[in-house]
Amino acid sequence: MEALVAAFIIAFALFGNCLCVEWRHSAVLDNNFLVLWTPGEKDVTFEVQVKTLGYVGLGFTKDEGRAGADMVIGWVDNNGQVHLQDRHVKDASRDPQMDSSQDYRLLLGYENKTHTVLRFSRRYDTCDPRDLKITNDTMQVVWQYHAEEPVSAAGVLPDHGDVRGTRPLYLVQRDAQPRRSSRNQEPETPLKIWDVLNQQVRLPMEEDTLLWCRVLEMPPIRRKHHVVRYEPVIQPGSHEYLHHMTLYECRGSAAELETAARSTGGVCYQSGQPTLQCNTIAATWSLGSEGFNYPPEAGYALDPHAGPQFYMLETHYTNPQLDAFISDSSGLRLLYTERLRVHDAGVLSIGIDPNWRHLIPPGQPEVVSEGHCVADCTGQTIPNNGVNMFAVIMHTHQLGKKVRLRQIRASVELPPIASDTNYNPSYQEYRRLQRPVKVYPGDHLVAECTYSSESRAAITLGGLTTREETCLISALYYPRIELSLCYSLPSLPTVLHSLGIQQLTPNSSPVKIQAPPELSGLTLEERLVSYDWETSFQSFQEATRSGTFKPLCWSSRGDLLPGTAQLESRYPRIITPYKEPTLPCTKKPTQNKFSKLLSKDGDIGSPVEPDSDEANAVERGQLVRSKVSRSSEGPIAGSSRTRSVSVALVVAALVAALR
Ligand SMILES: *[C@@H]1O[C@H](CO)[C@@H](O)[C@H](O)[C@H]1NC(C)=O
Ligand SMILES: *[C@@H]1O[C@H](CO)[C@@H](O)[C@H](O)[C@H]1NC(C)=O
């Protein structure tokens with residue numbers, strides 16, 4: 001009972017005399033499991049509300065497997081006593097084991113007729129190697145619960161029948177719902193709704209992926225409005241088939257767009273279709289995202305007198321089981337208002353132009369590719385007061401492992417605007433920066449993507465299909481400027497140099513290599529096929545990073561900025577590199593009754609040496625029961641088949657490009 005009393009005292013001390021807390025974030029992990037949390041200065045406070053009277057568990061890990069997960073397990077026993085245990089998963093097929101250092105602090109716990117509620121906090125970095133640091137990276141959240149609770153305080157979990165799952169989430173840089181206005185604030189004007197929906201798209205029975213594009217005209221409004229929030233509208237039952245939806249602004253021929261808007265859409269990017277200029281992102285939803293709220297100072301402008309009048313919704317469907325007769329009418333809901341905010345928000349896309357010259361050698365654990373938004377582009381378009389970036393979304397295809405948006409100002413590298421060292425291509429959501437970051441004219445931005453190509457036997461090229469790769473970062477900012485896409489493309493000499501080619505024989509057909517002498521006479525095809533990535537990868541990587549590139553800065557009207565098309569640029573000079581601060585870890589373990597009882601970091605499937613009379617013989621008897629959980633692992637997102645581009649295809653692209 002004392003633990004419970006203590007918990008209440010802590011809760012009161014922290015939150016005043018109200019047990020209600022304003023939670024900044026929440027996520028429904030499964031229909032019975034709600035987690036709420038608030039990232040604080042040094043700690044993160046969580047509350048789990050689970051529809052069970054048994055035990056509940058919440059944990060964090062880096063990848064989709066359970067092994068290595070940092071978990072907290074808790075329950076409310078028949079005496080009303082609340083138990084909370086810091087554990088870790090050593091072996092995914094067994095129960096999480098007790099940590100010797102208990103770093104989760106119980107704040108509150110109770111159960112009612114149906115639910116168990118536990119509130120606890122922990123430091124971002126507990127300094128316990130058994131725990132996982134909570135960072136800005138994508139975190140894999142693990143959950144587990146059971147209809148029954150452990151029979152003893154030592155917490156041997158009941159056999160069979162637990163429910164588990166795992167899901168990627170941003171815990172820190174996460175978009176938050178706007179605070180509900182309290183009574184004394186003036187009532188919000190109701191938001192208008194623009195539903196951008198698909199209309200009964202039938203998923204093919206012979207393909208596991210469908211990219212569907214539908215063009216729509218903007219709502220019939222007379223004057224400028226601001227979109228302040230958007231959210232997915234998911235047809236019941238369609239959740240498992242939706243991978244992402246992106247709404248693009250369209251420019252170009254109004255007649256073509258009008259024609260396109262009359263149909264209910266078609267398969268995207270097919271040859272033979274008119275190529276619509278729908279490139280600037282207006283809104284995007286991806287697996288796991290619950291929508292996006294603009295900050296109070298900015299909104300996305302819908303303006304019948306300026307800006308795009310047509311939009312294209314691109315929906316990426318997946319149907320790995322090839323389920324038959326699936327038809328979907330999901331889409332996005334944009335909520336807009338005529339109460340304009342101070343700033344128009346824009347989306348700036350930074351990265352590598354999706355093009356075959358973006359080469360990713362096969363079989364490598366780490367390939368770094370960089371797309372540059374050069375000082376000349378920001379210099380021409382960003383006003384002297386700068387723009388404020390407040391959210392970013394990172395985008396690679398299947399090989400992406402890490403993504404950073406770097407900022408270089410006058411040869412000084414500033415801290416990255418955003419960085420994810422645990423990037424997960426199946427979880428792409430806007431990352432809300434804690435504070436807007438200023439970008440000034442003359443800043444050089446680098447979209448840096450790190451890939452692992454170990455799963456590929458052949459080279460991967462840049463491009464738009466899922467088997468090709470991309471390195472793109474979309475940044476939301478205000479006030480809106482004319483710059484829309486800020487890309488770069490490796491120059492041809494850079495590509496050739498990265499393949500160890502110094503010179504081609506002029507006018508040769510097929511294209512032949514002249515220098516260096518050891519490659520002389522080889523055709524380009526022969527060079528690509530015979531290139532020894534194993535030993536030459538480092539020089540390839542070096543040549544790619546230090547070589548010249550062509551900056552491509554597109555305005556939102558679809559033109560290249562004057563002067564930028566002819567430039568060849570180089571990597572910016574960095575005199576002062578950015579150094580990641582390393583904070584020393586000072587550990588203050590909080591020992592509770594149970595951690596003292598179980599201060600061995602042992603397997604809890606084996607008997608625990610009790611250190612007090614409380615752990616009586618009955619308990620010991622219960623502790624020796626076997627604890628191997630037989631439930632299967634939770635659902636794992638995406639069953640993407642690994643595809644690789646054939647060398648023949650690559651060679652064809654290279655040769656075609658050289659001609
Ligand atoms: C029990 O608590 C949960 C979580 O707070 C709540 O959603 C539910 O309505 C409560 N049920 C009852 C019967 O009070
Ligand atoms: C997340 O990033 C911001 C800005 O770069 C930084 O100030 C903050 O400390 C980071 N948070 C964590 C938990 O690492």
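Counting from 1, the numbers follow the sequence of the chain as shown. Counting starts at 1 for both ligands and their atoms, in listed order.
- Asp344 and His226 share a donor-acceptor pair across their side chains, judged by distance under 3.5 Å alone.
- Atoms of ligand 2 found under 4.0 Å from any heavy atom of Tyr124 (numbered from 1 in listed order, with element): 13 (C).
- Of all the heavy atoms of Gln434, the ones lying under 4.0 Å from any atom of ligand 2 belong exclusively to the side chain.
- Under 3.5 Å, the side chains of Thr116 and Tyr55 contain no donor-acceptor pair of N or O atoms.
- When ring centroids are compared, His343 and Phe390 stay outside the 6.0 Å threshold.
- For atom 7 (O) of ligand 2, no protein heavy-atom neighbour is found at a distance under 4.0 Å.
- Between Asn136 and ligand 2, at least one pair of N/O atoms sits closer than 3.5 Å.
- Nearest protein heavy-atom neighbour of atom 12 (C) of ligand 1: Asn112 ND2, 3.2 Å.
- One side chain, Asp70 or Tyr104, offers a donor N or O that lies under 3.5 Å from an acceptor on the other.
- Cys553 has its SG atom 2.5 Å or further from the SG atom of Cys373.
- At least one heavy atom of Ile134 sits less than 4.0 Å from an atom of ligand 2.
- For residues 470-480, the pairs satisfying side-chain hydrogen bond (donor to acceptor under 3.5 Å, both in side chains) are Glu249-Arg480, Glu297-Tyr478, with sequence neighbours left out.
- For atom 2 (O) of ligand 1, the protein comes within 4.0 Å by at least one heavy atom.
- Residues Phe46 and Phe60 place their aromatic rings such that the two centres sit under 6.0 Å apart.
- Residue, atom and distance of the protein heavy atom nearest to atom 4 (C) of ligand 1 are Gln49 OE1, 3.6 Å.
- Within the structure, the closest approach of Gln173 to ligand 2 falls below 4.0 Å when heavy atoms are considered.
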